[in-house]
There are 2 protein chains.
Amino acid sequence: MDDADNEAARQRVLEAADRLFYAHGIRAVGMDRIRDASGVSLKRLYRCFASKDELVEAYLRRRDRWVRGELADFVAKEATGLPRERVLAVFDWLEWWFGEPDFRGCPFTNAFNEVGADSARAAAAVRDHQLAVSAYLRGLIAATGAADPDAVTNRCLVLYAGSLMFATISGTTSPAKYARETAAAILPPESGSR
Amino acid sequence: MDDADNEAARQRVLEAADRLFYAHGIRAVGMDRIRDASGVSLKRLYRCFASKDELVEAYLRRRDRWVRGELADFVAKEATGLPRERVLAVFDWLEWWFGEPDFRGCPFTNAFNEVGADSARAAAAVRDHQLAVSAYLRGLIAATGAADPDAVTNRCLVLYAGSLMFATISGTTSPAKYARETAAAILPPESGSR
DNA sequence: TAATGTCGAGAACGGTCGTTCTCAAGCGGC
DNA sequence: GCCGCTTGAGAACGACCGTTCTCGACATTA
């Protein structure tokens, strides 16, 4: 059946695009290279994704699922039940991510810088990711009983983005530690013994 | 004299490149467009800068001088003499910068994302800027009498980079405020009355 | 087997961009 | 006035890239 074949091709294309776009940048990777890496002919490729723009958007939405999935799993597994520890675990996860051998910075800001001005689809995918992470963080922070959860969330988002950027430029994982230390200073203390 | 003409042409090219590269990105601006905007012929342009790479590096070094000059002037003028206020003034300056109509994100991380992998010159210019800002900040922080100036500097760098990135994506100036509030929480309190 | 349709491989097209080349105009020195 | 040099304007070149097209191979159906 065509549908099954197309779905399999779609997945192979997405996997190749994900790896290549993230490693080398979107503009640097042509459709030919994605064809070579995925083994899917250009004709089929353009039937799965009508344009490179669509493929870029699909790549970003896939990355979004990956980042938020990994982050949530990590927080659920590593953190103790204390709300404060769960927020700090976000920065532990970042430190793990920065140390991955194929870490090449934030896929979303990279994409935004590269094609955000030309591709409304890509820009929307980036914005959606940012909003989703923001909402997730806001949920963790509300549980800590912070007096002004929105303010604390915004400050933690600055720390999140800053550690990402700093780690990218410096090539080290320590910015996650700096961000974690700073977050510890602005979160309410463990709410006594409960 | 040739030298004077070439120097004048060099300046006009740099001004045009600065405006266009920053506004539209490096890859999006071709040499033709810089010729049109500067009024300097391609031939002369390539005598001033042997390649686009060299022009990009010169653009980044010029931006570096601008950013650090503006920042230092602002801190010198706006801040009271108190060391703590001088560090916080860095984030006030960022807030001013984010509000400028032509603010389009950090020129250095933008350039790094666009051409850092292909241009060693550009990558070096970005690294130099980062080190220079780091050293400047470290000087301000040492004066506050912080117990561990290096640690505080690294945390403030995370805040600096994070507010830049957050402001770029959100299109607002408030991330500078979030960063300032957070910095206020991790700097030592005003060292009593002196 | 013959007709029909589908597919993959790669050529082709149109566009862009960095860089170099052509050519005619202008200018200084004899 | 004439020669040689330099200049600017724009054409030209080569490379790349997103997208579409061609064409031969193969499969399906009757």
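All values below were derived from every heavy atom in this structure, side-chain atoms included, with hydrogens, water molecules and symmetry-related copies excluded. Reminder, nothing fancy here: chain letters follow the sequence lines and each chain counts from 1. Computed from a prediction, not measured in an experiment: that's the story for all the values here.
- Per the geometry, CZ belonging to B/Arg27 stands 17 Å off C1' belonging to C/dG15, to the nearest Å.
- In this structure, B/His24 places its NE2 atom 12 Å from P of C/dC17, rounding to the nearest Å.
- In this structure, A/Arg19 does not pair ionically with A/Asp102, as no charged nitrogen and carboxylate oxygen lie closer than 4.0 Å.
- Between the CZ atom of A/Phe166 and the OG1 atom of A/Thr172 there is a distance of 6.5 Å, given to the nearest 0.5 Å.
- Taking atom CG on A/Asp36 and atom C1' on D/dC16, their separation rounds to 15 Å, with Å as the unit.
- The closest side-chain heavy-atom distance from A/Val152 to A/Thr144 is not below 4.5 Å.
- Checking C/dT20, C/dA9, C/dG18 against every side-chain atom of B/Leu42, the shortest atom distance belongs to C/dT20.
- For the atom pair A/Glu181 CD and B/Ile186 CD1, the distance stands at 9.0 Å (nearest 0.5 Å).
- Atom CG in A/Leu45 sits roughly 14 Å away from atom C1' in C/dC7 (whole-Å rounding).
- The phosphate of D/dG8 has OP1 or OP2 within less than 4.0 Å of a side-chain N or O from B/Arg44.
- Among the nucleotides C/dT20, C/dC23, D/dC23, the one closest to the side chain of B/Tyr46 is C/dT20.
- When rounded to the nearest whole Å, the span between CG of B/Asp118 and P of D/dA15 equals 18 Å.
- Cation-pi geometry between A/Arg63 and A/Tyr22 is met: under 6.0 angstrom from the ring centre, within 45 degrees of the axis.
- DNA chain C is contacted by B/Ser51, B/Lys52 of residues 51-59 of chain B, taking any non-hydrogen atom closer than 4.0 Å.
- Nearest-nucleotide mapping onto DNA chain C: of A/Asp32 and A/Gly39, the residue sitting toward the 5' end is A/Gly39.
- B/Ser134 has its side chain within reach of B/Leu157: a pair of non-hydrogen atoms, C-beta onward, lies under 4.5 Å apart.
- No engagement by B/Val40 is indicated, since no non-hydrogen atom pair under 4.0 Å with the nucleic acid exists.
- Each of A/Gly30 and A/Lys43 lies near DNA chain D, and the nucleotide nearest A/Gly30 is the one positioned closer to the 5' end.
- Phosphate contact (OP1/OP2 of D/dT7, side-chain N/O of B/Arg47, threshold under 4.0 Å): present.
- In the model, A/Gln11 has no side-chain atom that pairs as donor or acceptor with a side-chain atom of A/Glu15 under 3.5 Å.
- If you take CZ of A/Arg12 and C1' of C/dG8, they are 12 Å apart, rounded to a whole angstrom.
- Rounded to whole angstrom, the span from the CZ atom of A/Phe21 across to the C1' atom of D/dC17 amounts to 12 Å.
- A straight line from CD of B/Glu114 to C1' of C/dC17 spans 14 Å, rounded to a whole angstrom.
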